[in-house]
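We count residues from 1, following the sequence as given.
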Amino acid sequence: MGTRSGERSRGSKCIAIVGAFASGKTTLLEAILERTGAIMKQAATGSGATVGDHSAEAREHQMSVEASIATTEFLGESMTFVDCPGSIEFAHEADPVLAAADMAIVVTEPDEKKIAALQLTLHRLDELGIPRMIFLNKIEHATLGVRDMLKMLQPTSDTPLMLRQIPLRKDGIVIGSIDLALERAYIYREHASSEIAPIDDDDRAREVEARFSMLETLADHDDKLMEQLLEEIEPPRDAIFDDLAADLREGSVTPVLIGSAEKGNGILRLLKSIRHDSPDIEATRERLGLQETDDTVLQVMKTIHTPHGGKLSVSRVLCGTLTDGTEVRNEKASDKVSGIYTLLGREQNKIASAQAGETVALGKLDDVRTGDTLTTGKTPIAPLIALEPPQPVYSMAVRPGDRKDEAKLSLGLQKLAEEDSALGLEQRQETGETVLCGQGEMHLRVTRERLEGKYQVPITTAPPSVAYRETIRKNTTQRGRHKKQSGGHGQFGDVVLDIRPLPRGSGFEFTDTITGGVVPKQYIPSVEAGVVDYLKCGPLGFPVIDVAVNLADGSYHSVDSSDMAFQLAGRLAMKEGLGDCSPVLLEPILKVEVHTPSDATARVTAILSQRRGQILGFDARPGWNGWDVVEAMIPASETGDLIIELRSATAGVAGYRASFDHMAELTGRLADAAMNAQGKAA
């Protein structure tokens, strides 16, 4: 248990704003900034045009696609709010932010359809141990009573959800709220402070009941309060506020506040709760396991490449003071800070120094990456957080529209990957493709738009090639003779190869049973090299696997034989022999684990079955109330747009992990189509 002395945490705070897609996070940020005077007027709902993520991609798709940072002041104290994207395709943006934040505001709606998405958010906060409040947004659209909504939302949270406020209604319309700690009613006014109002008798009865429920929740962690409730003694108001702050900081409860970000309602009460109850930088250092030090330590939350100002590393000062020009280091290198800035969306304000608790952007730290822990000390600090990029679930092959732009494409992708840890890049030698991997179709669409808009690199895209293979079903013995006479020394190599299939997964095996020196020992490796070279592209047009080749016989010429001649002889024998071995196409089969809400499990299994998937079974997802894990084997060729269909069937929340399992024969129409697309028939 932490202290319940009532001392309010002071100093600069960093608050992450998280929640499901379209729950109103950006609108809430702008309402906060309007109320604190950082901006004159918040933008139209969902546009993010004032300070939110107002990149061209965000405007085009009407959604946040990256974390947006804004620092403001409230009652003389600095607060930095980080608006994190709500779409599951951009959820990875939140992890490095949450690690260094003091707490999170979880924005949600009174909408049953958003429960699964809310659970994704709350589960991640539980894993990271982040204190949080819930802001129940769009309260004017609620059709259920607020306590019924709480019952609906409670299964998504491991900690008790506790109402701090209840709505005031008139003729069925929400006109204000009652603060249960203050026992005070407020009448909403759009984009203005609420008016204090008396609580009438009907509302008083509701308030008394809801307040007692709040006190009961607090008493679970305060024996003195429990005694007062049992003895029907009214607890002191200051003690209630102390308990509210202590329980939030300890992660014992999740307070729930209500309001409407679009109308600016409930914003002031939210800000006051943050100011009084939020943990401070000392608690955040303790959560991160940062030992006491005299050095300045920073945690990098985000990397931004600006069009004109170069690279910015958005960082939280965990301890100490940072001044411009100071040298900082990570585990790999050291850099000098070239400019310290506070951010208000895209607007930068240069400052001379930053104190512990402040969130600032640092200029031109070339060797610094998101997730790094920086120090001014002589000994680098290992990263305080382990950022594991999510496994890719969608990919596309990319190439520049003009070959002369290949260098620009490479540089653009490198910078985008620095900004976005979930972007993966593969150079596939077999196909010559550059494959971009990410979290979904929208994730990679935004990446493409950034390449073409920000870095001026037009690209073309295509589905990546599937890693088909081929093998053989029958044995054969084949002679390969390479003979060429062209004046002077000729070329001569003669081999007899026994070719046979191997069990699936065995790979390639080469042996020789040469006797009497019919093929000199120095040429045997050359024969193997020729065999291996041909196996890179067999009779169907794909690499050949699970084949054994034995060099059984041959002949040579004392003058005309050479390494190259025997390589060509070995290759010729394979080319002529494999066609007689009943070659067959093999396709990669993946084992997938799909995570889905239980009410969509039947739809998910149907989708997998329709894609030639073999369902292995499903079970409850450990630690996730109302979720299942579906296991299946599915051909890699069927997973190209699988995530799109899975998310369509699960209100956008399903995900999966895939790993290669085995190769399986593919015949008939599907094999013909594969060969026409990628093999020799192409």
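- Checked for salt-bridge contact, Glu190 and Lys263 meet the test: a charged N lies under 4.0 Å from a carboxylate O.
- We find that Glu234 and Arg211 are joined by a salt bridge, their nearest charged nitrogen and carboxylate oxygen being less than 4.0 Å apart.
- Taking the six-membered ring where tryptophan is involved, the planes of His92 and His443 are tilted, since the angle between them lies from 30° to 60°.
- Pairing each heavy atom of Leu136 with each of Val146, the nearest pair is CD2-CG2, 4.1 Å.
- Side-chain N/O atoms of Ser78 and Glu73 include no donor and acceptor closer than 3.5 Å.
- Within the 4.5 Å cutoff, side-chain heavy atoms of Leu318 are placed close to those of Leu384.
- Side-chain atoms of Pro597 and Val653, non-hydrogen and from C-beta on, do get closer than 4.5 Å to each other.
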ring-ring contact (aromatic ring centres under 6.0 Å, His included) assessment of His123 paired with Trp624: CA-CA 8 Å; His123 196 275; Trp624 288 71; 3.8 Å; yes

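- Inspection of the Ser23 and Glu109 side chains reveals no N or O donor paired with an N or O acceptor under 3.5 Å.
- Going from atom OG of Ser177 over to atom CG of Asn265 covers 8.5 Å, rounded to the nearest 0.5 Å.
- In this structure, the side chains of Gln165 and Val256 stay at 4.5 Å or more apart for every pair of heavy atoms.
- Met63 is not listed as a side-chain neighbour of Pro85, based on a closest heavy-atom distance of 4.5 Å or more.
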Trace of the side chain to side chain donor-acceptor pair (under 3.5 Å) decision for Thr321 with Gln355: CA-CA 5 Å; Thr321 299; Gln355 310 298 317; 2.9 Å; yes

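- The neighbour count for Gln154 CD, taken as heavy atoms of other residues, nucleotides or ligands under 6.0 Å away, is above 12.
- Taking CE of Met103 as the reference point, atom CG of Leu98 lies at 11.0 Å (rounded to 0.5 Å).
- With hydrogens and angles left out, the side-chain atoms of Ser157 and Thr159 include a donor and acceptor closer than 3.5 Å.
- When each of Pro96, Ser315, Pro383 is tested with Val300 by the rule side chain to side chain contact (heavy atoms under 4.5 Å, CB included), just one qualifies, namely Ser315.
- Between the side chain of Arg184 and the main chain of Ile196, no donor-acceptor pair closer than 3.5 Å is present.
- Considering only heavy atoms from C-beta on, Leu271 comes within 4.5 Å of Thr36 through its side chain.
- Note that CG of Asp111 and CE of Met149 are 11.0 Å apart. Values are rounded to the nearest 0.5 Å.
- The main-chain N or O of Asn625 is found under 3.5 Å from a side-chain atom of Gln119 such that the two form a donor-acceptor pair.
- Considering all non-hydrogen atoms of both residues, Arg147 and Ala210 come closest at NH1-N, 4.3 Å.
- Screening Leu33, Asp83, Val107 against Leu28 for a side chain to side chain contact (heavy atoms under 4.5 Å, CB included) leaves a single residue, Val107.
- Of the inter-residue distances, the one linking Thr121 atom OG1 with Lys25 atom NZ reads 8.0 Å to the nearest 0.5 angstrom.
- The structure places CD of Glu34 at 11.5 Å from OG1 of Thr72, a figure rounded to the nearest 0.5 Å.
- The two atoms that bring Leu646 and Tyr656 nearest to each other are CD1-CD2, 3.8 Å, heavy atoms only.
- For the 3.5 Å distance criterion, the side chains of Thr26 and Ser64 qualify, holding a donor opposite an acceptor.
- In this structure a side-chain-to-backbone donor-acceptor pair under 3.5 Å is missing from Glu358 to Gly11.
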Derivation of the side-chain contact (heavy atoms from CB on, under 4.5 Å) call for Thr71 and Phe81: CA-CA 6 Å; Thr71 297; Phe81 293 90; over 6 Å; no

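- A salt bridge between Arg657 and Glu631 is absent, with no side-chain N of the basic residue lying under 4.0 Å from a carboxylate O of the acidic one.
- With salt bridges taken as basic N to acidic carboxylate O contacts below 4.0 Å, one links Arg204 and Glu207.
- Side-chain N or O atoms of Arg647 include one that pairs as donor or acceptor with a backbone N or O of Ala654 at under 3.5 Å.
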Working for salt bridge (Lys or Arg N to Asp or Glu O under 4.0 Å), residues Glu66 and Lys302: CA-CA 10 Å; Glu66 63 179 321; Lys302 181 173 174 60; 3.2 Å; yes

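- If you run salt bridge (charged side-chain N to carboxylate O under 4.0 Å, His left out) between Asp277 and each of Arg164, Lys272, Arg249, Lys13, only Arg164 comes through.
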From CA spacing to verdict: salt bridge (Lys or Arg N to Asp or Glu O under 4.0 Å), Glu282, Arg287: CA-CA 9 Å; Glu282 184 177 347; Arg287 173 169 55 79; over 6 Å; no

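- Without hydrogens or angle criteria, Asp280 side chain to Ala283 main chain gives a donor-acceptor distance under 3.5 Å.
- Looking at Thr217, its side chain does come within 3.5 Å of a backbone N or O of Ser213 through a donor-acceptor pair.
- Nearest heavy atoms, Val82 versus Met301: CG2-CE, 4.2 Å.
- What you find for Ala261 and Asn137 is that their closest heavy atoms are N-OD1, 2.8 Å.
- Surrounding OH of Tyr188 are more than 12 heavy atoms belonging to other residues, nucleotides or ligands, all under 6.0 Å away.
- Between Thr303 and the options Asp372, Thr370, Asp420, a side chain to side chain contact (heavy atoms under 4.5 Å, CB included) holds for only Thr370.
- Between Arg124 and Glu127 there is a salt bridge, since a side-chain N of the basic residue sits under 4.0 Å from a carboxylate O of the acidic one.
- Using a distance-only test at 3.5 Å, with no hydrogens or angles considered, no donor-acceptor pair links the side chain of Gln299 to the main chain of Ala99.
- Between Arg275 and Glu77, at least one side-chain nitrogen of the basic residue sits less than 4.0 Å from a carboxylate oxygen of the acidic one, meeting the salt-bridge criterion.
- Arg316 contributes a side-chain N or O that, together with a main-chain N or O of Ala100, makes up a donor-acceptor pair within less than 3.5 Å.
- Between Thr284 and Asp102, the side chains place a donor N or O and an acceptor N or O closer than 3.5 Å (distance only, hydrogens not considered).
- Ion pairing between a basic and an acidic side chain is recognised when a charged N comes within 4.0 Å of a carboxylate O; Asp203 and Arg206 show such pairing.
- Side-chain contact between Ser194 and Ile187 is absent, with no heavy-atom pair separated by less than 4.5 Å.
- Taking 4.5 Å as the limit, every side-chain heavy atom of Val174 sits out of range of all side-chain heavy atoms of Leu168.
- Remark: side-chain polar atoms of Arg169 are not paired, donor with acceptor, to backbone N or O of Ile173 under 3.5 angstrom.
- In the displayed structure, Asp223 atom CG is contacted under 6.0 Å by at most 12 heavy atoms of other residues, nucleotides or ligands.
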Derivation and outcome, side-chain contact (heavy atoms from CB on, under 4.5 Å), residues Phe74 and Arg35: CA-CA 9 Å; Phe74 178 65; Arg35 186 56 49 89; 5.7 Å; no

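- Considering only heavy atoms from C-beta on, Thr375 stays 4.5 Å or farther from Thr296 through its side chain.
- Atom CG of residue Leu122 and atom OG1 of residue Thr156 lie 4.5 Å apart, to the nearest 0.5 angstrom.
- Summarising the geometry of Lys114 relative to Ala20, their closest heavy-atom pair is CD-CB, 4.3 Å, with the distance given to 0.1 Å.
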